[in-house]
Amino acid sequence: MADSIEPIHFKFRWLDDEGNTTSLLRKSASYDGCVLQLDDTLIPVDAIADVQIRWDRIYLLLRTESGDWVKPGFAVSGQGLKEMQHAINALRREALIRQERRRLMEQGDLVSLREQECRYCRATILLSGLPETPQVYCEVCDSLFTTDASAEQQSLEQQYRICDECGMYSQPRKFTTFYFYFLFVIYGIWNKTTVRCPACMRGESWKMLLGNTPGLIGLPFSVVQLYRSYSPRSVQGPMRGLDDANIRLRKGKIDPALDDYEKLMDAQPINAGIKYNIGTGLVQKQEFQHAQRVFEMSLDDCGNYWPALQGLLATLEQQGKTVETEAVRQLWQLDDGEPTGNELQDDVTPKDRQ
Ligand SMILES: [Zn+2]
Ligand SMILES: [Zn+2]
């Protein structure tokens, strides 16, 4: 049972499947360490299997009494966000440590409990049983960080993660697609908010610009978004060229993209994310054996990098390597039926992702 804490009060708005807030009015919420109360919905802490945080948005993975998984999301406003993140991380930490202790005790191996605090969101990351690697991945805020990094490297790494839209390691930012349409007497506004990388913003921004031209009201907004997608901030430093490589890959120009990634690897020899992108490129080329090796290299950089682990399992399956698949599942302690975090990732991700 979780311990109760001094209740935290905050305001929130529910999110729909498109990632938009469902009303203009903010509702009241509280959390006391045992129960999360969101308006008139009470969620016992023990029902929360996973939590993911993207900017001001929090997504929960919950198991209902009937055994189904549901994935509600809500946006926290103002002051409450930091406190709420802190509290949610504390509850996640307790649940994880409890689970892990039980598992290791059953195996008579409590000494191998190994954990690490996320540098950015302070969530507890459990690493028991995994090889020690230079990088660590945080499932809660989706960041990948080098444990022994310079201050400069830290601030760079903080900006990079998997894009919810295209699934590539990149520099995603909050991006709102906004259309204003005006048809004689019928008019309307359509918008959706996602977290996506500059490469993913570009196509959408042009579409938005063209779509908004007759309406005019959405036009300044489109221009701003278009500017953001091309802003030089995203193409400087040691990650220069990553957006271009990702764009090439998505356009099917796989060999030039792979060349770009090789160059990036010279500047960033230890980076599980870049290797993950290379792996996805090789999967597109149907070079599964080669892709398998690159996903393994990605896991050598970061032993708990879930995107690479999923890539590795997929390539092993493609090659019909059932023994290896089983070995990987055992090493990473993947039980059937247990949530791995992917369930929640799918929900954070818009449905139209390929
Ligand atoms: Zn984190
Ligand atoms: Zn993207």
Side-chain angles (χ1 to χ4, degrees), residues 19 50-59 81-82 84-93 95-96 115-127 135-147 149 154-155 157-177 192-208 225-226 228-231 234-235 239 241-252 257 260-261 272-274 276-277 280-281 284 302 304-307 341 344-346 348-354:
D50 200 7
V51 181
Q52 278 191 347
I53 299 171
R54 299 286 184 278
W55 280 265
D56 57 344
R57 277 127 210 272
I58 295 176
Y59 297 87
L81 180 63
K82 270 247 130 56
M84 185 59 205
Q85 283 188 357
H86 223 78
I88 285 215
N89 285 335
L91 84 86
R92 190 183 142 91
R93 177 195 161 90
L96 280 176
E115 60 181 72
Q116 165 108 33
E117 187 177 78
C118 171
R119 175 176 291 145
Y120 305 112
C121 77
R122 316 217 87 88
T124 298
I125 305 161
L126 280 174
L127 298 166
Q135 292 189 307
V136 172
Y137 172 63
C138 171
E139 275 178 76
V140 177
C141 67
D142 200 28
S143 50
L144 174 67
F145 59 93
T146 308
T147 41
Q154 285 181 26
S155 69
E157 286 178 347
Q158 187 172 16
Q159 301 164 36
Y160 285 81
R161 50 181 48 74
I162 296 289
C163 168
D164 286 344
E165 194 71 18
C166 65
M168 306 294 288
Y169 181 71
S170 52
Q171 192 194 19
R173 279 177 269 164
K174 203 155 106 182
F175 177 84
T176 303
T177 311
K192 74 171 186 175
T193 303
T194 52
V195 177
R196 55 170 76 183
C197 71
C200 281
M201 286 183 195
R202 284 183 196 173
E204 194 69 23
S205 302
W206 279 111
K207 245 189 345 203
M208 204 187 344
Q225 296 293 54
L226 188 63
R228 280 181 71 211
S229 70
Y230 282 94
S231 110
S234 57
V235 289
M239 293 299 221
L242 185 63
D243 286 340
D244 293 335
N246 290 347
I247 290 171
R248 285 200 173 120
L249 193 64
R250 284 177 46 201
K251 285 185 175 163
D260 292 345
Y261 290 129
I274 295 172
Y276 167 75
N277 284 1
T280 60
Q284 281 187 44
C302 178
N304 74 330
Y305 196 44
W306 287 101
L344 197 48
Q345 191 70 47
D346 288 346
V348 173
T349 302
K351 311 240 169 332
D352 52 354
R353 175 169 148 194
Q354 300 132 2

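For ligands, and for the atoms within them, numbers begin at 1 and follow the listed sequence.
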Out of the candidates Ile274, Leu242, Leu144, only one should pair with Tyr160 under the side-chain contact (heavy atoms from CB on, under 4.5 Å) rule; please name it.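 Among Ile274, Leu242, Leu144, the one that satisfies the side-chain contact (heavy atoms from CB on, under 4.5 Å) with Tyr160 is Leu242.
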When rounded to the nearest 0.5 angstrom, what is the spacing between CG in Asn277 and OG in Ser170?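 Spacing of CG (Asn277) from OG (Ser170) equals 7.0 Å.
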Determine whether a donor-acceptor pair (N or O, by modelled atom type, separation under 3.5 Å) exists between the side chain of Gln135 and the backbone of Ala272.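 Such a contact is found between Gln135 side chain and Ala272 backbone.
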Before moving on, can you tell me the angle at the Zn ion (ligand 2) between the SG atom of Cys166 and the SG atom of Cys163, to the nearest 10 degrees?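 The two atoms subtend 110° at the Zn ion (ligand 2).
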Work out the angle at the Zn ion (ligand 1) between SG of Cys141 and SG of Cys118, rounded to 10°.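 My answer is 110°, to the nearest 10°.
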Quick one: the SG of Cys138, the Zn ion (ligand 1), SG of Cys121 angle, rounded to 10°, please.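 Output for this angle: 110°, rounded to tens.
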Is the distance between the ring centroids of Tyr137 and Tyr305 under 6.0 Å?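 Here the rings of Tyr305 and Tyr137 have centres that are less than 6.0 Å from each other.
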